[in-house]
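Below is one structure, written out as structure tokens; comments come after it.
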Amino acid sequence: MAAAAFAGPLTAAAKPSLRDVPEIENPLFAVAMAKEVADHCDSLGARFFKGVGELRRLRARANNLGYADGEIRAYIESDVEKARMRAKGERLLAARGVSYGNPETFCAFGRAEIKKNSAIGALLRAK
């Protein structure tokens, strides 16, 4: 889903990695976490169109910050970045008591995020 939404110009000045741009990294992480929860909890689903809209907004914002589509695509398709994002997500889930061996823990986490109306919860819905 992320790769489909990220497909602008900038001078040759050095830019930070997109991982170091919180207004891009944090919402992208929320989308990834919502998808992970929806993939592991049968009673919750991802708000697909809202997620796609968020990814499009992030692409446009990254473009406005001077990142070309190729730079954005390279970031989201990078195996190193995917592994880093996965590890970050696994740390968050573990800290919240979520276990891959127990799908109900994903559901409890997702319901709590929905109740808080967090960035993750806003991207989830009860089935």
Atom of [X], atom of [Y] and distance for their closest heavy-atom approach:
X: Glu71; Y: Ala68; result: OE1-N, 2.7 Å
X: Arg111; Y: Ser43; result: NH1-OG, 3.9 Å
X: Leu124; Y: Gly110; result: CD1-CA, 3.8 Å
X: Ala119; Y: Ala30; result: CB-CB, 3.8 Å
X: Ile24; Y: Leu58; result: CD1-O, 3.6 Å
X: Arg47; Y: Ala122; result: NH1-O, 3.1 Å

**OP:** Tell me, please, which residues at least two apart from Lys82 pass side-chain hydrogen bond (donor to acceptor under 3.5 Å, both in side chains).
**Re:**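 Counting only residues at least two positions away or on another chain, Lys82 forms no side-chain hydrogen bond (donor to acceptor under 3.5 Å, both in side chains).
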
Original post:
Should we count CG of Asn102 as having more than 12 external heavy atoms under 6.0 Å?
Top reply: yes

Original post:
In terms of the angle between their ring planes, are Phe106 and His40 parallel, tilted or perpendicular, with boundaries placed at 30° and 60°?
Top reply: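 The rings of Phe106 and His40 lie parallel, inter-plane angle below 30°.
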
**OP:** Enumerate the residue pairs fulfilling side-chain hydrogen bond (donor to acceptor under 3.5 Å, both in side chains) with a member in residues 116-127, sequence neighbours excluded, ordered by first and then second residue.
**Re:** Glu113-Lys116, Glu113-Ser118

**OP:** Apply salt bridge (charged side-chain N to carboxylate O under 4.0 Å, His left out) to the pair Lys50 and Glu54, showing each step before the final yes or no.
**Re:** CA-CA 6 Å; Lys50 187 167 185 157; Glu54 179 68 358; over 6 Å; no

Original post:
Are Lys88 and Glu81 ion-paired here, with the side-chain N under 4.0 Å from a carboxylate O?
Top reply: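 Answer for the salt bridge query: no.
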
**OP:** Nearest 0.5 Å please: distance from the CG atom of Leu55 over to the CD1 atom of Ile72.
**Re:**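 Leu55 atom CG to Ile72 atom CD1 measures 11.5 Å (nearest 0.5 Å).
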
Original post:
Measuring from Leu28:CG to Ile76:CD1, what's the distance to the nearest 0.5 Å?
Top reply: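 Going from the CG atom of Leu28 to the CD1 atom of Ile76 covers 7.5 Å.
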
Original post:
Can you tell me if Arg59 uses its side chain to pair, donor with acceptor, with the backbone of Asp69 under 3.5 Å?
Top reply: no

